[in-house]
Amino acid sequence: MTQYKSSLLRLLDERGYIHQLTDAAGLDDLAASQVVPGYIGFDATAPSLHIGSLVQIMMLRRLQQTGHKPVVVMGGGTTRIGDPTGRDERRKLLSDETIEAKIASIRTIFSRLLTFGDGPTDAVMVNNQDWLGKLGYIELLQEVGTHFTVNRMLAFDSVRLRLEREQPMTFLEFNYMILQGYDFRHLSKTRDVRLQMGGSDQWGNIINGIELGRRMDGKDLFGLTTPLLTTADGAKMGKTAAGAVWLNEDALPAWDFWQYWRNCDDRDVGRFLRLFTDLPLDEVARLEALEGSEINSAKVVLANEITRLCRGEDAARTAEATAAATFAAGGIGADLPVFAIPAEGLSIVDALVGIGFAASRGEAKRLIAGGGARIDGESITDETFMIAANGDEVRISSGKKKHGVLRPA
């Protein structure tokens with residue numbers, strides 16, 4: 001592990017955030033001597049970010065925890081273009097009203113994890129539409145375009161890989177890296193931002209901004225990326241078989257959010273505790289050293305800590321109580337998903353689809369045939385099985401990890 005003198009880089013290094021640094025010594029000196037404003041950009045493609053973005057938000061939190069200033073850049077302008085990185089198809093163009101609504105919804109998670117205000121280390125949120133939207137096309141070509149060569153732009157992975165796969169890239173998307181580079185230059189001029197952070201797939205875009213600031217203003221800017229975040233089994237963070245793990249409560253109930261972390265692979269526990277919680281590192285080391293069934297207590301701590309940060313204390317407490325009632329006591333927890341049983345009763349197939357454990361009747365039948373469907377703990381293998389509306393609520397389960405409640409209407 002590299003020995004850094006600044007608390008910022010020491011913390012980021014100890015907790016596993018650092019993958020690439022443009023000038024480690026220069027940034028270390030700067031962070032040890034003054035408040036460093038640093039930013040990360042987030043495009044507004046959905047009403048909520050998912051947990052794939054959580055490591056970036058936590059980096060802004062670490063920035064603030066070590067006495068520096070987080071700048072959250074909402075991509076009101078760049079969302080209109082679409083980042084081609086890692087994509088084979090052009091992103092759907094959104095209306096101004098849709099983008100603004102998504103930005104308003106996304107703000108929720110940042111208000112939980114960062115302290116906003118007017119102080120020197122208080123976080124601020126800005127929208128790059130405010131400056132990109134005012135750029136004239138000729139002005140952009142003259143002032144910024146002359147600092148980008150097509151040769152180099154074609155060499156970046158976001159473009160090269162798309163072309164190698166013979167997937168078309170529009171001229172609109174091709175301009176994305178120019179606009180993101182301009183973001184960094186603009187923020188360095190107007191807010192003295194010296195650092196841009198992001199995922200490893202953003203390295204090329206970050207380098208563009210650093211070079212643009214140097215060429216246009218003679219400024220020394222810095223870039224830092226995190227490792228590509230995958231689970232121990234190789235899956236990309238943020239996606240599951242059931243869909244995205246959203247950060248906002250209205251996009252994913254707290255129980256499902258809590259369960260995602262509680263059910264993580266044993267091998268991921270220590271890494272996730274370092275990245276996504278504020279627990280001291282010695283406590284993290286103790287928890288990740290647990291073996292056998294004891295590692296489950298570490299997973300409960302992980303789920304509680306992350307849910308508390310992202311959803312609040314009440315959500316974490318309720319989710320844990322629901323898990324205890326559902327699993328330990330064999331009862332029915334208060335926070336489980338609920339589906340109504342009509343007066344005429346409900347087939348097991350319709351119950352699995354209705355409560356969201358199967359996407360279709362066909363998928364529900366396959367689940368039943370495979371022995372994965374249970375009512376009150378008893379396996380149901382007959383797809384014609386009916387659940388009566390007799391006044392009692394019952395527990396429905398899919399496998400060992402999905403549970404819900406069926407209740408008479």
**Student:** Does Leu309 offer a backbone N or O that forms a donor-acceptor pair with the side chain of Arg112 under 3.5 Å?
**Tutor:** no
**Student:** So do His186 and Val193 actually touch side chain to side chain, heavy atoms under 4.5 Å?
**Tutor:**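 No. Closest side-chain heavy atoms not under 4.5 Å.
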**Student:** Using the six-membered ring of Phe257, assess whether NZ or CZ of Arg311 lies under 6.0 Å from its centre and within 45 degrees of the ring axis.
**Tutor:** yes
**Student:** Going by atom type alone, with no hydrogens or angles, which donor-acceptor pairs under 3.5 Å involve a side-chain atom of residues 113-126 and a protein atom two or more places apart or on another chain?
**Tutor:**
| from | atom 1 | to | atom 2 | distance (Å) |
| --- | --- | --- | --- | --- |
| Asp122 | OD2 | Asp118 | N | 3.3 |
| Asp122 | OD2 | Gly119 | N | 2.8 |

**Student:** Just by distance, do the side chain of Thr318 and the backbone of Ala315 share a donor-acceptor pair under 3.5 Å?
**Tutor:** no
**Student:** List the atom of Ala340, the atom of Leu346, and the distance in Å for their closest heavy-atom pair.
**Tutor:**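 Looking at all heavy atoms of both residues, the closest pair is O-CD2, 4.1 Å.
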**Student:** Counting distance only, does the side-chain N/O of Asn205 pair as donor-acceptor with the main-chain N or O of Gln180 below 3.5 Å?
**Tutor:**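 Here the side-chain-to-backbone pair does not exist.
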**Student:** Would you indicate whether the side-chain heavy atoms of Gln196 and Leu221 approach each other to under 4.5 Å?
**Tutor:** no
**Student:** Please answer whether the main-chain N or O of Leu275 pairs with a side-chain N or O of Tyr17 as donor and acceptor at a distance below 3.5 Å.
**Tutor:**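 Yes: the side chain of Tyr17 pairs with the backbone of Leu275.
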**Student:** Run the side chain to side chain contact (heavy atoms under 4.5 Å, CB included) check on Lys5 and Asp29 step by step: do they pass?
**Tutor:** CA-CA 8 Å; Lys5 58 187 176 184; Asp29 287 340; 2.4 Å; yes
**Student:** Once you round to the nearest 0.5 Å, how far does NE2 of His403 lie from CZ of Phe357?
**Tutor:** 8.0 Å
**Student:** Does Arg191 CZ have over 12 foreign heavy atoms under 6.0 Å away?
**Tutor:**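 Check fails, neighbour count at 12 or below.
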**Student:** Does Ser188 use its side chain to pair, donor to acceptor, with the backbone of Arg185 at less than 3.5 Å?
**Tutor:**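 Between the backbone of Arg185 and the side chain of Ser188 there is a qualifying donor-acceptor contact (under 3.5 Å).
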**Student:** In terms of side-chain heavy atoms, does Ser293 have a donor or acceptor partner in Asn296 at a distance below 3.5 Å?
**Tutor:** no
**Student:** Are any of the side-chain heavy atoms of Leu352 and Arg361 separated by less than 4.5 Å?
**Tutor:** no
**Student:** Could you check whether Glu363 pairs with Arg366 (Lys NZ or Arg NE/NH1/NH2 to Asp/Glu carboxylate O, under 4.0 Å)?
**Tutor:** no
**Student:** Taking side chain as C-beta onward, heavy atoms only, is Arg271 less than 4.5 Å from Asp265?
**Tutor:**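 No, side chains not in contact.
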**Student:** Does Asp217 pair with Lys219 as a salt bridge, N-O distance under 4.0 Å?
**Tutor:** no
**Student:** Hey, is Arg62 close enough to Asp278 for a salt bridge, meaning N to O under 4.0 Å?
**Tutor:**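 A salt bridge links Arg62 with Asp278.
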**Student:** Just jot down the side chain to side chain contact (heavy atoms under 4.5 Å, CB included) partners of Ser297, sequence neighbours excluded, or say none.
**Tutor:**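 Applying side chain to side chain contact (heavy atoms under 4.5 Å, CB included) to Ser297 gives Leu290.
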**Student:** Is the shortest heavy-atom distance from the side chain of Arg286 to the side chain of Asp282 under 4.5 Å?
**Tutor:**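 They are not in contact (no side-chain heavy atoms under 4.5 Å apart), so the answer is no.
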**Student:** Name all residues meeting the side chain to side chain contact (heavy atoms under 4.5 Å, CB included) criterion together with Ser48; count only those two or more places apart in sequence or in a different chain, and write none if there are none.
**Tutor:** Trp246, Leu247, Asn248, Ala251
**Student:** Who pairs with Ala24 by side chain to side chain contact (heavy atoms under 4.5 Å, CB included), at least two apart in sequence or on another chain?
**Tutor:**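 By the side chain to side chain contact (heavy atoms under 4.5 Å, CB included) rule, Ala24 matches Tyr4, Leu21.
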**Student:** Compare all side-chain heavy atoms of Val55 with those of Ile57 and state whether any distance is below 4.5 angstrom.
**Tutor:**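 The answer is no, as the side chains (C-beta and beyond) never meet within the 4.5 Å cut-off.
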**Student:** To the nearest 0.5 angstrom, please state how far the OG1 atom of Thr277 sits from the CH2 atom of Trp261.
**Tutor:** 10.5 Å
**Student:** For Ile375 and Leu406, what are the C-alpha separation, side-chain angles and deciding distance, and is it a side chain to side chain contact (heavy atoms under 4.5 Å, CB included)?
**Tutor:** CA-CA 9 Å; Ile375 295 293; Leu406 301 177; 4.2 Å; yes
**Student:** What residues form a salt bridge (Lys or Arg N to Asp or Glu O under 4.0 Å) with Arg262, not counting sequence neighbours?
**Tutor:**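 Salt bridge (Lys or Arg N to Asp or Glu O under 4.0 Å) list for Arg262, sorted by chain: empty.
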**Student:** Nearest 0.5 Å, what's the CD-CG distance between Glu288 and Leu273?
**Tutor:** 7.5 Å
**Student:** Are the side chain of Ser105 and the backbone of Pro47 linked by a donor-acceptor contact shorter than 3.5 Å?
**Tutor:**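 Looks like yes, one N/O pair under 3.5 Å.
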**Student:** Testing the basics here: between Trp203 and Gly223, what is the closest heavy-atom pair and its distance to 0.1 Å?
**Tutor:** CZ3-O, 4.3 Å
**Student:** Indicate whether the side chain of Trp131 and that of Asp183 have a donor and an acceptor atom separated by less than 3.5 Å.
**Tutor:**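 Yes.
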**Student:** Can you give me the closest heavy-atom contact between His19 and Ser200, atom names plus distance?
**Tutor:**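 Reported closest heavy-atom pair: CD2-CB, 3.7 Å.
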**Student:** Is the shortest side-chain heavy-atom distance between Ile99 and Ser95 below 4.5 Å?
**Tutor:** no
**Student:** Measure the spacing between CZ of Phe222 and CG of Leu30 and express it to the nearest 0.5 Å.
**Tutor:** 5.5 Å
**Student:** When rounded to the nearest 0.5 angstrom, what distance separates CZ in Phe184 from NZ in Lys189?
**Tutor:** 14.0 Å
**Student:** Search all heavy atoms of Leu12 against all heavy atoms of Leu224 and return the closest pair with its distance.
**Tutor:**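 Result for this residue pair: CD1-CD1, 3.8 Å.
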**Student:** Suppose the criterion is side chain to side chain donor-acceptor pair (under 3.5 Å): which pairs have a residue in residues 220-234, not counting sequence neighbours?
**Tutor:** Gln20-Thr225, Gln56-Thr226, Thr231-Asp233
**Student:** Closer than 4.0 angstrom, basic N to acidic O: yes or no for Arg10 and Asp13?
**Tutor:** no
**Student:** In Å and rounded to the nearest 0.5 Å, what is the CZ to OG1 distance from Phe42 to Thr79?
**Tutor:** 12.0 Å
**Student:** At their closest point, which heavy atom of Cys264 faces which heavy atom of Leu302, and how far apart are they?
**Tutor:** SG-CD2, 3.7 Å
**Student:** Under the criterion side chain to side chain contact (heavy atoms under 4.5 Å, CB included), I'd like the reasoning laid out for Met197 against Tyr39: C-alpha separation, chi angles, the key distance, then a yes or no.
**Tutor:** CA-CA 6 Å; Met197 301 181 291; Tyr39 92 95; over 6 Å; no
**Student:** Taking all atoms of both residues into account, what is the closest heavy-atom pair of Val353 and Ala364, and its distance?
**Tutor:** CG2-CB, 4.1 Å
**Student:** I'd like to check Trp258 versus Val300 (side-chain heavy atoms, cut-off strictly below 4.5 Å). Are they in contact?
**Tutor:** yes
**Student:** I'd like to know if the side chain of Ser111 reaches the main chain of Thr108, judged simply by a donor and an acceptor atom lying under 3.5 Å from each other, with no hydrogens or angles considered.
**Tutor:**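 Yes; at least one donor-acceptor contact below 3.5 Å.
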**Student:** Asn208 and Ile178: side chain to side chain contact (heavy atoms under 4.5 Å, CB included), yes or no, with the steps?
**Tutor:** CA-CA 8 Å; Asn208 275 335; Ile178 295 178; over 6 Å; no
**Student:** Side chain of Asp43, backbone of Thr45: donor and acceptor closer than 3.5 Å?
**Tutor:**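 No, Asp43 side chain to Thr45 backbone: no donor-acceptor pair under 3.5 Å.
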